[in-house]
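The next block holds one structure in the form of structure tokens; read it before the comments.
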Amino acid sequence: MAEREIKYRGLKTFQIFSGEIKQVWIYGFFLKRGTYGDPGPQAHIFVYENGYEGYRVDSKTIGQFTGFFDSSGNEIYEDDIIKLDDGNLGVVSFFRGAFVLRIGKDKIPKFLADVRKWQMKVIGNIFENPEFIEDDSKKQSTKAKKKRGAK
């Protein structure tokens, strides 16, 4: 059996001394665990750096590494926004046992293993860049209206 890297990422939010809110992606392995004083199990990403260090992250932001890379060599994770060479945008998700890319207005899933033959670039993710998806759906509906008007 071939060894593959199974890792996750999650978004950690914290406040610095000035009161400013910062967010940083933590990459490692995922574990839900309770700690003293927590109201039940919390989502943690653990990183190995001279021993394991666990970081509490927002559970809604946890995404698994797909095992695929974009055309620039960047790792592709669940909830990443991908731009294809034809200009379409898609969101990576896990569907029926496989990583897929949901492209266009209809969000029909296409296996990421098939899509990777195209040029694709990670341009963001749904948590930090939701405007990319909103903008793309507006473009799709404008195209559809133009087509209906032309007929």
Side-chain angles (χ1 to χ4, degrees), residues 3-113 115-116 118-144:
E3 186 176 326
R4 61 186 174 273
E5 188 169 22
I6 299 174
K7 64 180 175 178
Y8 293 82
R9 71 173 180 197
L11 196 56
K12 177 171 180 50
T13 303
F14 57 95
Q15 187 173 4
I16 59 175
F17 294 114
S18 69
E20 185 180 356
I21 303 294
K22 295 278 189 179
Q23 292 184 316
V24 63
W25 286 102
I26 305 293
Y27 297 84
F29 70 88
F30 170 67
L31 178 67
K32 257 193 163 174
R33 70 172 208 171
T35 56
Y36 181 73
D38 284 339
Q42 303 292 315
H44 287 77
I45 299 288
F46 281 80
V47 179
Y48 184 78
E49 293 173 356
N50 299 323
Y52 286 102
E53 185 73 31
Y55 299 92
R56 188 182 315 175
V57 296
D58 181 349
S59 61
K60 293 183 297 278
T61 66
I62 293 174
Q64 186 176 359
F65 173 51
T66 64
F68 297 110
F69 298 86
D70 73 1
S71 55
S72 299
N74 299 312
E75 296 177 335
I76 299 175
Y77 285 82
E78 285 179 274
D79 301 317
D80 274 345
I81 300 170
I82 305 292
K83 184 172 187 175
L84 299 173
D85 55 359
D86 63 3
N88 282 319
L89 298 181
V91 176
V92 177
S93 64
F94 191 75
F95 179 71
R96 294 188 178 170
F99 290 104
V100 297
L101 189 63
R102 295 183 181 272
I103 303 170
K105 183 182 80 166
D106 297 330
K107 307 288 186 230
I108 296 170
K110 298 190 185 314
F111 290 112
L112 198 56
V115 175
R116 71 186 174 126
W118 305 343
Q119 285 285 89
M120 57 183 180
K121 175 84 174 129
V122 175
I123 60 168
N125 59 68
I126 63 171
F127 308 106
E128 296 176 307
N129 313 100
E131 68 277 5
F132 290 151
I133 299 302
E134 292 164 5
D135 289 348
D136 191 51
S137 63
K138 286 178 188 174
K139 287 178 193 173
Q140 295 291 336
S141 64
T142 303
K143 285 180 185 176

How many angstroms lie between atom [atom1] of [X] and atom [atom2] of [Y], to the nearest 0.5 angstrom?
X: I82; Y: N88; atom1: CD1; atom2: CG; result: 13.0 Å
X: I126; Y: D79; atom1: CD1; atom2: CG; result: 3.5 Å
X: E78; Y: Q64; atom1: CD; atom2: CD; result: 6.0 Å
X: F132; Y: L89; atom1: CZ; atom2: CG; result: 8.0 Å
X: L11; Y: Y55; atom1: CG; atom2: OH; result: 14.5 Å
X: D58; Y: K12; atom1: CG; atom2: NZ; result: 11.0 Å

Using side-chain heavy atoms (C-beta onward) and a distance below 4.5 Å, is R56 in contact with F14? no
Might you work through the side-chain contact (heavy atoms from CB on, under 4.5 Å) test for N129 and I123, ending with a clear yes or no? CA-CA 9 Å; N129 313 100; I123 60 168; over 6 Å; no
Anything under 3.5 Å between a donor and an acceptor, one on a side chain of residues 90-103, the other on a protein residue two or more places apart or in another chain? List them.
| unit_1 | atom_1 | unit_2 | atom_2 | d |
| --- | --- | --- | --- | --- |
| S93 | OG | R102 | NE | 3.2 |
| R102 | NH1 | K107 | O | 3.2 |

Any donor-acceptor pair under 3.5 Å linking the side chain of T66 with the backbone of I76? yes
Donor-acceptor pairs under 3.5 angstrom involving side-chain atoms of residues 20-30: please list them, not counting sequence neighbours.
| unit_1 | atom_1 | unit_2 | atom_2 | d |
| --- | --- | --- | --- | --- |
| Q23 | NE2 | T13 | OG1 | 3.2 |
| W25 | NE1 | E128 | OE1 | 3.0 |
| W25 | NE1 | E128 | OE2 | 3.4 |

Could D80 and R9 be called an ion pair, given the rule that one side-chain N must be under 4.0 Å from one carboxylate O? yes
As a quick check of understanding, evaluate side-chain contact (heavy atoms from CB on, under 4.5 Å) for L84 and V115, giving each step before the final call. CA-CA 9 Å; L84 299 173; V115 175; 3.7 Å; yes
Tell me, yes or no, whether the heavy-atom count around K60 atom NZ, taken from other residues, nucleotides or ligands under 6.0 Å, exceeds 12. no
